[in-house]
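Below is one structure, written out as C-alpha cells; the observations come after it.
Counting starts at 1 for both ligands and their atoms, following the listed order.
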Amino acid sequence: MKIAAVVGSPRGMRSRTRRLAGFVLAGAKEAGAEVDLIDLADLQIVPCTACESCSLDGTCVFADDFSAAYDRTLDADGLMLASPVYVDNVSGQMKVFIDRLADAMHYQNFAGRYGCSVATTQVSGGDAVIGYLNHVLNYLGATTVGGMSVALGDDPGAIDRAEPAARDLGRRLVLAVRDRPRYPDQEVEMAENREYFAGIVRANRDWRPEEYERWVREGWIGEE
Ligand SMILES: Cc1cc2nc3c(=O)[nH]c(=O)nc-3n(C[C@H](O)[C@H](O)[C@H](O)COP(=O)(O)O)c2cc1C
C-alpha cells in the first residue's frame, strides 16, 4: 500500500507544512504503508490555460513536471494534500496543481482511493483550507478520512506538538485504505458530482471510448 502527499509550500525543507505532512506520512509508514512526499517547491508546474486539450485524451499540452507528479499520486492508494494558508486560501502553488487536475476530476480518476488534508497558518483560515482540500479530494472521487490544521502563532513548538495527532491521521488513512469505511454524506456529494461529470464523459465519448466504457462498467452512466 502506498500513501502520497502533495505539499504546496514554496519553502522546501524549511516548510512547516512539509514537516506536518511528514509526521502524517511517518504515521502511515508505522502502520505499514510505503510513503511518497511530492514537494511542489521542487517542481516547475505552470498554470492551466483552459486550452481544453486534455479533454481529447487526458494529456496536457505542457511538458512540465506535472505529469510525473500526477503519476506518483495515481500510483498511491491514499493521497494527502498539504498547504499553508495564503490569504485565507491554499498557496498559489497548490492551486496551480489542483487546476491541472481538472481532467482527473472529470473522469473520477481517484475513485476508490482515500485521502486527507493538512494545513498550517499563522493565525486563521486553517480549517477552511482543510475543508477546501478535502472537497477537492471528493471532486477527484476520493473519500476523505479527516484533516488537521496548525496555527503557528509565535510558538516555535506548535508544529512539533502536533506530531502525535498528525501521526494518528496517517495511521487512520492507512486503516481506511485497508478497511474501506463508507461515509454516506460524501457518497451523496460524489454521486452528485458524477451526475454532472457524466455530461462531459458522454460528450467526449467518440474520442475517449475506453473512459466512457469504464463509466458504464462502474455504473456511473447508463448505457445508451
Ligand atoms: C503570501 C502569504 C499569505 C499568508 N496569508 C495568511 C493568512 O491569510 N492568514 C494567516 O493566518 N497566515 C497567513 N500566512 C502565514 C502562513 O500561513 C504561515 O506562515 C504558514 O504556516 C507557512 O507555512 P510553510 O512554513 O509551510 O511555508 C501567509 C503567508 C504568506 C507568505
Exercise for the section: Tell me which protein heavy atom sits closest to atom 18 (C) of ligand 1, plus the residue, atom name and distance to 0.1 Å. Expected result: Q122 N, 3.8 Å
Exercise for the section: Please could you name the atoms of ligand 1 that P84 approaches to less than 4.0 Å, counting only its heavy atoms? Expected result: 20 (C), 22 (C), 23 (O)
Handout entry: Nearest neighbour in protein (non-hydrogen) for atom 14 (N) of ligand 1
Key = V85 O, 3.3 Å
Handout entry: Whether S124 lies under 4.0 Å from ligand 1, heavy atom
Key = yes
Exercise for the section: Identify, for atom 7 (C) of ligand 1, the protein heavy atom at the shortest distance, and state residue, atom and that distance. Expected result: V87 N, 3.8 Å
Practice task
Ignoring hydrogens and angles, tell me if any N or O in the side chain of S83 forms a donor-acceptor pair with the backbone of S91 under 3.5 Å.
Solution key: yes
Exercise for the section: Using a strict 4.0 Å cut-off to heavy atoms of S9, name the atoms of ligand 1 that fall inside it. Expected result: 24 (P), 26 (O), 27 (O)
Problem - Test of proximity, R16 against ligand 1: N or O pairs below 3.5 Å - result: yes
Handout entry: V123 neighbourhood, listing ligand 1 atoms whose heavy-atom distance to it stays under 4.0 Å
Key = 10 (C), 11 (O)
Compile the donor-acceptor pairs under 3.5 Å between side chains in residues 22-35 and protein atoms, sequence neighbours left out, one pair per line.
residue: E30; atom: OE1; partner: R171; partner atom: NH1; Å: 2.6
residue: E30; atom: OE2; partner: R167; partner atom: NH1; Å: 2.5

Practice task
Check each atom of ligand 1 against the heavy atoms of T121 and keep those under 4.0 Å away; list them by number with element.
Solution key: 9 (N), 10 (C), 11 (O), 12 (N), 17 (O), 21 (O)
Practice task
Could you tell me the residue and atom name of the protein heavy atom closest to atom 21 (O) of ligand 1, and the distance to it rounded to 0.1 Å?
Solution key: T120 OG1, 2.6 Å
Practice task
Look at the rings of W215 and W220 and say which category their plane angle falls in: under 30° parallel, 30 to 60° tilted, over 60° perpendicular.
Solution key: perpendicular
Practice task
Identify, by atom number and element, the atoms of ligand 1 in contact range of R11, meaning under 4.0 Å from any of its heavy atoms.
Solution key: 24 (P), 25 (O), 27 (O)
Practice task
Could you list which atoms of ligand 1 come closer than 4.0 Å to a heavy atom of L152?
Solution key: 21 (O)
Handout entry: Cationic N near anionic O, under 4.0 Å, K2 to D36
Key = no
Handout entry: Test of proximity, P10 against ligand 1: N or O pairs below 3.5 Å
Key = no
Practice task
Please say which of R18, R14, R11 ends up in a salt bridge (charged side-chain N to carboxylate O under 4.0 Å, His left out) with D39.
Solution key: R18
Handout entry: N/O separation below 3.5 Å, Y86 to ligand 1
Key = no
Exercise for the section: State whether F62 and R100 meet the cation-pi test: NZ (Lys) or CZ (Arg) under 6.0 Å from the six-membered ring centroid, and within 45° of the perpendicular axis. Expected result: no
Handout entry: Under 3.5 Å: donor-acceptor pair, side chain of D65, backbone of I45
Key = no
Exercise for the section: Kindly write out the residues that satisfy ring pair (Phe, Tyr, Trp, His ring centres under 6.0 Å) with Y70, not counting sequence neighbours, or none if the list is empty. Expected result: F66
Handout entry: Test side-chain contact (heavy atoms from CB on, under 4.5 Å) applied to Y107 and N204, step by step
Key = CA-CA 11 Å; Y107 284 88; N204 295 348; 3.1 Å; yes
